Amino acid sequence: MKDFHISSSSKELSAVLADYVAHLSSQAIAERGVFTIALSGGSCLDHLAKGLVALSLLGKLDWSAWQVFWADERCVPLDSSLSNYAAAQIHLFRHLNIPKGKIHPVDTSLPPEAAAKAYAGTLAEVFNCREGELPRFDLILLGVGEDGHTASLFPEHPLLMESNRWVGLVLDSPKPPPERITLTLPVINNAANISFVATGKSKAKITAKAFKPTSNHIELPVQMVKPAKGEIFWFMDTKAAKNIGLD
Ligand code: 6PG
């Protein structure tokens, strides 16, 4: 059984998503003084940003206790319109007072391999990981592509079998741009909470597949997201949720 919320409007979805994130943030900060989140690109970020700003939560959350990472990033300059960091900067961070030192973009000024290594090093440092310990995010916010990709983990990509590295490199993304850095499944599946956001009729097919009993098929990366000690929550609109449970 997957936990999910189906919204009749984009505005309501944004509000419910923001409320959910605010709740997780308050809980994590109360328990451990920090809230660690990894953002994705695409519509999930738009919904979160709209919800947080609209809910005027801005004054209610302790943003200084957030540690912000990305589930994936395109290997483009951080001020490029294609950059997930740039999208978050424009839509979210300019409204929030998250200290700059707590926002950890992938350093895309480095060559991709070096950027992946450096990003893994930042994860180890910020999460203060002991030998053999994986970073455990309080929340990883993910979108899902029509092909079942999530973050920058694409169908049948060898990276789906990665069991050691925390950060992987994609040089042949079917979704442009081709070069990307992504968290791998070991890190994603170590998260305490994972939320998927899927909206619009173009996602009806893939959400129906995602809600079928999970399999480890590498054709459906979204189904390989199965946090060992964590929860998944889906935020959908009625169009994307149309075919769930119909067969
Ligand atoms: C990226 C994203 C990617 C995105 C999905 C869904 O960098 O492209 O992280 O995984 O979340 O492609 O995007 P939409 O919700 O905008 O369709």
Side-chain angles (χ1 to χ4, degrees), residues 4-7 10 13-14 16-18 21 37-51 68-92 104-106 108 112 115-116 119 137 139-157 159-160 167-185 187-189 191 194-210 218-225 232-242:
F4 61 92
H5 180 89
I6 299 173
S7 299
S10 171
L13 188 145
S14 299
V16 173
L17 174 63
V21 173
I37 182 171
L39 303 172
S40 288
S43 63
C44 59
L45 176 84
D46 302 343
H47 281 294
L48 177 60
K50 284 192 188 118
V68 183
F69 287 84
W70 275 263
D72 67 333
E73 181 55 283
R74 295 83 176 279
C75 295
V76 296
L78 292 182
D79 59 0
S80 156
S81 60
L82 293 174
S83 159
N84 289 339
Y85 167 79
Q89 192 63 30
I90 294 164
H91 298 296
L92 191 55
H104 309 286
V106 174
T108 57
Y119 194 53
F137 278 95
L139 173 63
I140 298 181
L141 179 69
L142 294 173
V144 59
E146 292 176 49
D147 62 356
H149 80 261
T150 191
S152 285
L153 297 170
F154 291 91
E156 307 191 20
H157 197 284
L159 207 44
L160 291 168
V167 180
L169 183 52
V170 175
L171 299 174
D172 51 357
S173 164
K175 174 180 180 184
E179 294 192 340
R180 293 153 168 261
I181 302 279
T182 185
L183 293 181
T184 58
L185 285 170
V187 174
I188 292 173
N189 283 333
I194 289 171
S195 59
F196 282 106
V197 176
T199 54
K201 62 177 187 301
S202 69
K203 301 291 172 75
K205 268 211 187 88
I206 195 60
T207 47
K209 283 187 186 169
I218 60 171
E219 298 93 52
L220 270 183
V222 64
Q223 277 216 346
M224 296 176 78
V225 173
I232 293 181
F233 203 98
W234 279 78
F235 297 87
M236 294 166 282
D237 63 7
T238 45
K239 289 191 186 117
K242 191 165 64 74

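Atoms within a ligand are numbered from 1 in the order they appear, just like the ligands themselves. This one's a predicted model, so the numbers in the text were calculated from it and none came from an experiment.
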Quick one: closest heavy-atom pair of [X] and [Y], and the distance?
{"X": "S195", "Y": "L17", "answer": "OG-CD1, 4.4 Å"}
{"X": "I188", "Y": "I194", "answer": "O-CD1, 3.3 Å"}
{"X": "G148", "Y": "P221", "answer": "O-CD, 3.3 Å"}

4.5 Å side-chain heavy-atom contact, H91 and D46
yes
Using side-chain heavy atoms (C-beta onward) and a distance below 4.5 Å, is T108 in contact with V76?
no
Atom CD in E219, atom CZ in F154: separation rounded to 0.5 Å?
16.0 Å
Looking at ligand 1, does any of its N/O atoms fall within less than 3.5 Å of an N/O of T150?
no
Would you check the N or O atoms of S152, main chain and side chain alike, for any that come under 3.5 Å of an N or O of ligand 1?
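There is no such contact.
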For ligand 1, which atoms have a heavy atom of [X] less than 4.0 angstrom away?
{"X": "S40", "result": "9 (O)"}
{"X": "R180", "result": "1 (C), 7 (O), 8 (O)"}
{"X": "G42", "result": "16 (O)"}
{"X": "V144", "result": "6 (C)"}

Residue and atom name of the nearest protein heavy atom (relative to [atom]), distance in Å to one decimal:
{"atom": "atom 9 (O) of ligand 1", "answer": "D72 OD1, 2.7 Å"}
{"atom": "atom 17 (O) of ligand 1", "answer": "K203 NZ, 2.7 Å"}
{"atom": "atom 15 (O) of ligand 1", "answer": "S43 OG, 2.6 Å"}
{"atom": "atom 11 (O) of ligand 1", "answer": "G41 O, 3.0 Å"}
{"atom": "atom 5 (C) of ligand 1", "answer": "H149 NE2, 3.4 Å"}
{"atom": "atom 13 (O) of ligand 1", "answer": "K175 NZ, 3.7 Å"}

Select one of side chain, backbone, both or neither to describe which atoms of N84 lie under 4.0 Å from any atom of ligand 1, heavy atoms only.
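Looking at N84 and ligand 1, just side chain atoms fall under 4.0 Å.
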Once you restrict to heavy atoms under 4.0 Å, what part of A151 touches ligand 1? Side chain, backbone, both or neither.
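A151 to ligand 1: backbone contact only, side chain stays beyond 4.0 Å.
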State whether the side chain of E73 and the backbone N or O of Y85 hold a donor-acceptor pair below 3.5 Å, judged by distance alone.
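Yes: the side chain of E73 pairs with the backbone of Y85.
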Would you say K203's side chain and V144's backbone share a donor-acceptor pair under 3.5 angstrom?
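Flag set: sc K203 to bb V144 pair under 3.5 Å.
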Counting the benzene-type ring for Trp, do F235 and F196 have ring centres under 6.0 Å apart?
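They do not qualify: ring centres at least 6.0 Å apart.
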Is there a heavy atom in E73 that sits closer than 4.0 Å to ligand 1?
no
Listed by chain and number, what are the side chain to side chain donor-acceptor pair (under 3.5 Å) partners of Y119, not counting sequence neighbours?
none
